Enquirer: 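My questions will all concern the structure given below.
The basis for the numbers below is simple: all heavy atoms, side chains too, and nothing from hydrogens, waters or symmetry mates. Note that this is a predicted model, so its numbers are computed, not measured. Throughout, numbering of the chain's residues begins at 1 and tracks the sequence.
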Amino acid sequence: MDIQSILEKKEVQPYRMSVRYGIEKESQRVTLDGDLVRTDHPEALGSRSYHPYIQTDFSETQMELITPVTESDEELFQQLAAIHDVSYRSMPQNEMLWPLSMPPALPEKEIDIKIAKLDEFSDVLYRRHLAKIYGRRKQMVSGIHFNFEFGETLVKAMFDMQNEYKDYLHFKTDLYLKVTRNYLHYRWLVTYFYGASPLSQPRYFEDEEGPKEPVRSIRSSHYGYTNHEDVKVSYASIQKYLEDLDKMVETGKLLEDKEFYAPVRLRGGKKMSDLATSGIRYIELRNIDLNPFETYGISPEQVQFLHVFLLFLACQDEKEDSDQWIKEGDTKNDEVALEHPLKETKYKNEAEEKIAELEKFVEKYELFVSEDLFSHLKEMLEDPSQTLSGRLYQMSQKSSQKEFAVLQGRENQEKAWEKPYQLAGYESMELSTQLLLFDAIQKGIGQEVLDEQDQFIKLSFQGQVEFVKNGNMTSKDTYIAPLIMENKTVTKKILAKTGFKVPTGSEYTTIKQAEKEYLKYANVGFVIKPKSTNYGLGISIFKKGANFSDYQEAVQLAFQEDTAILIEEFLPGQEYRFFVVKDEVKAILLRVPANVVGDGIHSIEALVAKKNEDPLREKGYQSPLEKIELKETEQLMLKEQGYTKEAIPTKGTMVYLRENSNISTGGDSIDVTDQFSAGYKEIAVKATKALGATICGLDLIVPDTKRPITEKNSYGIIEANFNPMMHMHIYPYKGKSHRLTLDVLELLFPEAFEE
């Protein structure tokens, strides 16, 4: 199988870097002091039996994080980051993930290491078997399982460029077998560069003698979690591999084939025996220690290295006796794993040759890697203290390995909790969508970001698929409902004819037309707003009329946002947002317009700048509150009150910078859900139904929340929003949180919420 010459073909060139990745990362849950927790798997994560992202491994304290299949480094780390965020924020805030492969101090009695409390009793029995055969202590080691698949376009292109194989599955299987054999022979390079378990913690080697610590990688050596020496399986062919596994099970050396814990596992169908017919689809590298210096246990450099290294290994010659070839690799790997982390490796010359060959290979085939990948690899060969094990050992000598792990673990935990309203990896997305993704991951609902910029995601659960845009635009609303709510004229007409109170007013399509009717509004309260926009853009409110100059400016501002505007009567009272989901008001907010409070010292401009320093205030809906601006609309509002931005208001004076109370324009959100009677909530539900909507944000003006809804002018509906923001209800400025993203998910997937 001459892969090197195949890769040279121009037909293959576009697909050389085509790949699919997946990562399974194990980590022990510990206290903030670095001791194993005594709590169960977080209840917020639901059933681990079906959860696609967060499960338990051997013990109740060992969390396993699983990414979906991705096709790029960037997407892989986005998923890793997001799943870590969900894991941390599903645990109690006094717990964290242990950042090392070697477990923290283990209990004095082995029986106190609790086997995972799984739903299926057969899974519990299997873990009991492992505990009996290998001991519970060995099971507590954690690491990275790196699932690697050459892109289908690459494998098919390579198959088309050769004549040796007639069957595609046979070609693909032999390709992965060759890569596997070579990886098993050369994996000592991975152990040298990225081994990171130089020291054990108390009571890991309680029942056996350990290595002479420190070493490069306890986990990757024969002191790690391995099968017994009499378990022998050949990788010469897929038939021989499966025959040997069957033999190991038949002779009782393995309980079942999944007990074969080789550094590489071949993957294909649901069962190991399926490999005979389905062939190898991908390989799982199981010899990678947790990188304690990386928040997610592995670095982009490691992923890049493994990618090009595995492609390189597809082109390397190997000995005809594949079993001997692998055995040589086993010997070298164990020697390298047990070397002192600060000493030059015995195989330095060979390592330098292989890295030089790999660098030439990358250059020849124009593979994309970071500029400093090879310089770093060479640096680590020249100076072992720069390897992961070397760095970790040196850090442990400054205090202790435990103290380093605790500090690193706390840093990772604090990072996850720093902005609990954001989802790591997807911070550029609109906040409500981030929160929806967080909840989907936590509930075990499959998620895929189809278009990050357009806030378009795909959700799936038990075979059902739903598409969601902007956090709550779903299939549960008809196409026409958002169009109705987008058009404020149509919204008003429908609501008015159904018997709801709405402000009177007129629509204008030109500035000249609106200016002609100035006198109609000069001495009464009125509102000017674009006909079809959200987020409070272009809205101006005049409670007691306005002079022509201000009126003219407000008209122009509104026309900047739309081709038509509305001028409506001003309804006195406070503005409330009612969030309706399927015949129920889920939350109500009082939205206070953007404001500052004078201190008698600073100007309004300075007060705005100071208020904007609040970490909860950011631009672009990335935080619960938006930064306040001082643009034309705000300055017009100041002018109405007799201020300029340079003015210094007296101490305690509240100065409003907007009439409209949108959070998107710097307003404050105050939850008042429990302050409203059922009558007001019923009005909101009925109005939503009248508009044909399932999810709706209704803006009501209410003069007095204590007034019965049946009284005249007790309310007025000024707007209906087809894509209402959810984050301001989840993280209000004041008051109770309402997790509306869960309501949306339950609307889409009620089965996921059944007990």
Enquirer: Picking from Ile701, Val592, Val702, what satisfies side-chain contact (heavy atoms from CB on, under 4.5 Å) with Glu575?
Expert: Ile701
Enquirer: Salt bridge or not between Lys686 and Glu682? Use side-chain N to carboxylate O under 4.0 Å.
Expert: yes
Enquirer: To the nearest 0.5 Å, what is the distance between CG on Asp85 and NZ on Lys419?
Expert: 12.0 Å
Enquirer: Considering all heavy atoms of both residues, which atom of Ile565 and which atom of Ala558 are nearest to each other, and what is their separation?
Expert: CG2-CB, 3.5 Å
Enquirer: Hey, does the side chain of Arg410 reach the backbone of Leu32 with a donor-acceptor pair shorter than 3.5 angstrom?
Expert: yes
Enquirer: Do you know the tightest heavy-atom contact between Tyr733 and Leu625?
Expert: CD1-CD1, 3.6 Å
Enquirer: State, to 0.1 Å, how close Ile441 and Ile83 come at their nearest heavy-atom pair, and which atoms those are.
Expert: CG2-CG1, 4.4 Å
Enquirer: Please report the closest heavy-atom contact between Lys520 and Ser506, naming both atoms and the distance.
Expert: NZ-OG, 3.3 Å
Enquirer: Measure from the side-chain N and O atoms of Gln78 to the backbone N and O of Gly425, and report whether any donor-acceptor pair falls under 3.5 Å.
Expert: yes
Enquirer: For atom CD of Glu515, decide whether the heavy atoms of other residues, nucleotides or ligands shown that lie under 6.0 angstrom number more than 12.
Expert: yes
Enquirer: From Ser432 OG over to His729 NE2, what is the distance, rounded to the nearest 0.5 angstrom?
Expert: 9.0 Å
Enquirer: Does Asp451 CG have over 12 foreign heavy atoms under 6.0 Å away?
Expert: yes
Enquirer: How far apart are the closest heavy atoms of Ala546 and Tyr518, and which atoms are they?
Expert: O-OH, 2.6 Å
Enquirer: Is the side chain of Ser714 donor-acceptor paired with the backbone N or O of Arg707 at a distance under 3.5 Å, no angle test?
Expert: no
Enquirer: What are the two closest heavy atoms between Val608 and Ile628, and how far apart are they?
Expert: CG1-O, 3.7 Å
Enquirer: Could you tell me if the side chain of Gln434 sits less than 4.5 Å from the side chain of Gln422, heavy atoms only?
Expert: yes
Enquirer: Less than 6.0 angstrom separating the ring centers of Phe438 and Tyr426, yes or no?
Expert: no
Enquirer: Report the residues that fulfil ring pair (Phe, Tyr, Trp, His ring centres under 6.0 Å) with Phe77, sequence neighbours left out, ordered by chain and then residue number.
Expert: none
Enquirer: Using a strict threshold of under 4.0 Å (side-chain N to carboxylate O), is an ion pair present between Arg617 and Asp668?
Expert: yes
Enquirer: When you measure from the side chain of His51 to the backbone of Tyr53, do you find a donor-acceptor pair of N or O atoms at a distance under 3.5 Å?
Expert: yes
Enquirer: Between Lys443 and Phe753, is NZ or CZ placed under 6.0 angstrom from the six-membered ring centre and within 45° of the ring axis?
Expert: yes
Enquirer: Would you say that more than 12 heavy atoms from the other residues, nucleotides or ligands in this model lie under 6.0 Å from the NZ of Lys611, or not?
Expert: yes
Enquirer: What's the spacing between Ile695 CD1 and Asp743 CG if we round to 0.5 Å?
Expert: 9.0 Å
Enquirer: Determine whether a donor-acceptor pair (N or O, by modelled atom type, separation under 3.5 Å) exists between the side chain of Tyr731 and the backbone of Pro420.
Expert: yes
Enquirer: Is the closest basic N to carboxylate O distance between Glu746 and Lys586 below 4.0 Å?
Expert: no
Enquirer: Do other residues, nucleotides or ligands put more than 12 heavy atoms under 6.0 Å from Glu751 CD?
Expert: yes
Enquirer: Is the shortest side-chain N to carboxylate O distance from Glu568 to Lys492 below 4.0 Å?
Expert: yes
Enquirer: To the closest 0.5 Å, what do you measure between CZ (Arg739) and CE (Met726)?
Expert: 9.5 Å
Enquirer: Does the ring centre of Tyr576 sit less than 6.0 Å away from the ring centre of Phe676?
Expert: yes
Enquirer: Does a side-chain heavy-atom distance below 4.5 Å link Leu745 with Leu436?
Expert: yes
Enquirer: Got a second to check how far Lys645's NZ is from Ile604's CD1, nearest 0.5 Å?
Expert: 11.0 Å
Enquirer: Let me confirm one number: the CZ-OG distance from Phe467 to Ser475, rounded to the nearest 0.5 Å.
Expert: 9.5 Å
Enquirer: Give a yes or no on whether a salt bridge exists between Asp699 and Arg577, defined as a side-chain N under 4.0 angstrom from a carboxylate O.
Expert: yes
